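Let me begin by presenting the structure, written as structure tokens, before commenting on it.
Quick note: numbers below take in every heavy atom, side chains included, and nothing from hydrogens, waters or symmetry partners. Both counts, for ligands and for their atoms, begin at 1 and track the order of listing. Only a predicted model underlies this, so the values are computations on that prediction, with no experimental measurement involved.
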Amino acid sequence: MTAITAAALALPGTGVGVVTARDLKPFRVPLAIPPVMSPVRRERNRDIYEVTMRKATAEILPGKRTRTWTFDGSFPGPTIEATRGREIVIRRRNALRVPTTTHLHGGEVPWRSDGHPGLAIAPGQTYEYVYPNQQEAATLWYHDHLCKHTSKNNYMGLAGLYIIRDEAEEELNLPRGRYDIPLVLQDRRFHSDGSFAFKDKVDDVLGDVYLVNGRPMPFLKVANRKYRFRILNASHSRGYRLTLDSGEPLIQIGSDQGLLAAPTPGADIPLWPAERAEVVIDFSKYPVGSRIVLQDAGDAIDPTAARPLMRFEVNREEDDTSSLPPVLRQIEKLLPLPGVVEREFVLRKNATGKWVINGKPFDAQRIDISPKLGDTEVWTFNNQSSVTHPMHIHLVRFQVLDRSNLQVSPTEMGWKDTVRVDPSARVRVIMRFDGFTGRYMYHCHNLAHEDHSMMGQMRVTGRSEMETTAVGGYVGSTATPALPYRCDIRR
Ligand code: C2O
Ligand code: CU
Ligand code: CU
């Protein structure tokens, strides 16, 4: 223990110093599973939800209280379970003292429901988000997207899971119910009194305490059978390299936008901010009494440098009627045929120390590109910096065509919405513009970079293909300007 940490621990409540991972014993607290939200009303074709964004306290570190900003008091936020083909309307009331806007990451939604960084919900206001759920089953998530304050708002707790299910996936008989478990990975810094030690930074926001579903390095008691885990990297800047300490491969079955074509074993799974990996772990390989650690092998070649995320403890025998079929789904391959629209996005830091795309810092009033509905486009992310940028595109799902430095991993062969762009590397992705017209973002999902201004805005044009009953908007006001929040508020 360093001197400063020891001193801080001796003076509880002062808020001085930080709690480090070494101060915490791993595997002492049980894994918590975020509550699933219930609608306030079910209509014939849609479900209505209401949620309040408000302050709360959570016991994240044992015996300490952490002030959080939450959806309905829960850290992370409550999980929303959606069914393909059935619309969801969510009224979000902002009872915080700061503005916020909620994005559905990976969602194909009308732009006024997309959590545009300029469509803020002011304190006291309510905004209605409309989610059509026309897309295939996938593990999505929702989180704050406020201009310049995404980092702080997410750090305080404004993020949760949004899971879409569909019939095709149900028919596969993958582990379900209690055996289908989300794992939200976050890293945080804590003051010794338990409060979050957030600092707005330009390059990275890192914490050395690893949280899974809001608990530090928890344990989960499991039966000796198959489980499905939906792993989301909801961290600000940290990329993980997931491994099991047993040395067994992780069997990946899904990525950002749902299932892969087939189960794919990997020695490790790299997972950068906002990426998702779904895995099946078959605990029938291990005798009752076994303990298996899910860990972050980090960048180190040295396997002893791995750091624990959580531990599975096989404590009972149970029958397993679930399956892991050799084929999960058909994935139509998008091809860069002649005539596709090609764009390049150069990623680097400018002379004033801001992260920029093609030389420009984010400006909510500026449209950077205008893709057309129905078009197929190939985007090249050209990283001219020495750090990784996890690049994310709203509205569309894409496929990774190639990387300049590496082969595309088989676990990246499915539909994605966020892709890791390694230092000094180029990555090409291909997508088709479907769904809705309007203003959407593309950006780096390292939230430090995003806030410091590695984001662009596209206006998708053409005739909207999708019908919805509504597009979303402010509740209780008829004349709403297009972009009431100009992204220049200081706090
Ligand atoms: Cu998950 Cu534009 O973000
Ligand atoms: Cu998104
Ligand atoms: Cu970045």
Side-chain angles (χ1 to χ4, degrees), residues 76-77 100-111 113-119 129 131 135 138-151 153-154 158-162 184 186 201-206 232-239 256-257 271-276 345-350 353-358 361-362 364 381-398 415-425 427 431 435-436 438-458 460 487:
T100 168
T101 172
T102 309
H103 170 56
L104 179 62
H105 182 119
E108 192 180 0
V109 308
W111 81 269
S113 285
D114 194 51
H116 188 289
L119 286 180
Y129 294 86
Y131 301 144
Q135 63 197 96
T139 304
L140 313 183
W141 60 303
Y142 60 91
H143 61 80
D144 174 82
H145 215 296
L146 193 72
C147 224
K148 295 182 182 152
H149 300 284
T150 298
S151 195
N153 290 357
N154 276 269
L158 295 174
L161 285 161
Y162 187 102
V184 178
Q186 293 168 313
K201 303 235 296 253
V202 175
D203 291 331
D204 47 41
V205 173
L206 294 166
L232 159 67
N233 183 351
S235 309
H236 281 53
S237 306
R238 184 178 298 279
D256 304 344
Q257 289 279 329
L271 202 66
W272 281 78
E275 287 188 301
R276 284 85 79 204
F345 301 86
V346 175
L347 313 174
R348 59 174 185 83
K349 204 179 238 186
N350 72 8
K354 284 186 168 178
W355 290 104
V356 291
I357 302 179
N358 289 340
F362 176 61
F381 293 116
N382 179 351
N383 187 351
Q384 295 185 1
S385 75
S386 57
V387 299
T388 299
H389 301 286
M391 296 303 295
H392 169 51
I393 312 174
H394 288 209
L395 179 69
V396 294
R397 56 182 187 173
F398 56 70
W415 290 106
K416 300 265 299 160
D417 57 45
T418 306
V419 68
R420 179 190 97 235
V421 186
D422 294 329
S424 305
V427 176
M431 72 213 79
F436 298 100
R439 295 166 176 250
Y440 296 90
M441 305 296 123
Y442 52 92
H443 58 90
C444 177
H445 220 290
N446 175 333
L447 300 186
H449 298 184
E450 177 177 344
D451 273 357
H452 296 280
S453 61
M454 202 168 218
M455 180 150 69
Q457 176 168 223
M458 56 185 172
V460 180
C487 303

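Contact annotation: His389 places an N, O or S atom under 2.8 Å from the Cu ion (ligand 3). In summary, His103 places an N/O/S atom under 2.8 Å from the Cu ion (ligand 2), meeting the contact criterion. The Cu ion (ligand 2) has no N, O or S atom of His145 closer than 2.8 Å.
Lys349 pairs by the side-chain hydrogen bond (donor to acceptor under 3.5 Å, both in side chains) definition with Asp203, not counting sequence neighbours.
Under the 30°/60° scheme for interplanar angles, the aromatic rings of His394 and His103 are found to lie parallel. Taking the six-membered ring for Trp and thresholds of 30 and 60 degrees, His145 and His143 have nearly parallel ring planes, at less than 30 degrees apart. Note: Phe345 and Phe381 have tilted aromatic rings, judged against thresholds of 30 and 60 degrees for the angle between ring planes.
A donor-acceptor contact shorter than 3.5 Å is absent between the side chain of Glu275 and the backbone of Ala234. Side chain of Ser237 to backbone of Val205: a donor-acceptor contact under 3.5 angstrom is found.
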Note to self: Test salt bridge (charged side-chain N to carboxylate O under 4.0 Å, His left out) on Lys416 and Asp256; report intermediate values, then the result.
What the structure shows: CA-CA 5 Å; Lys416 300 265 299 160; Asp256 304 344; 3.2 Å; yes
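The pair Arg238-Asp204 does not meet the salt-bridge criterion, since no charged nitrogen lies less than 4.0 angstrom from a carboxylate oxygen.
If you look at atom 1 (Cu) of ligand 1, the protein N, O or S atoms less than 2.8 Å from it are His105 ND1, His143 NE2, His445 NE2.
The atom of His449 that is an N, O or S and sits closest to the Cu ion (ligand 3) is ND1.
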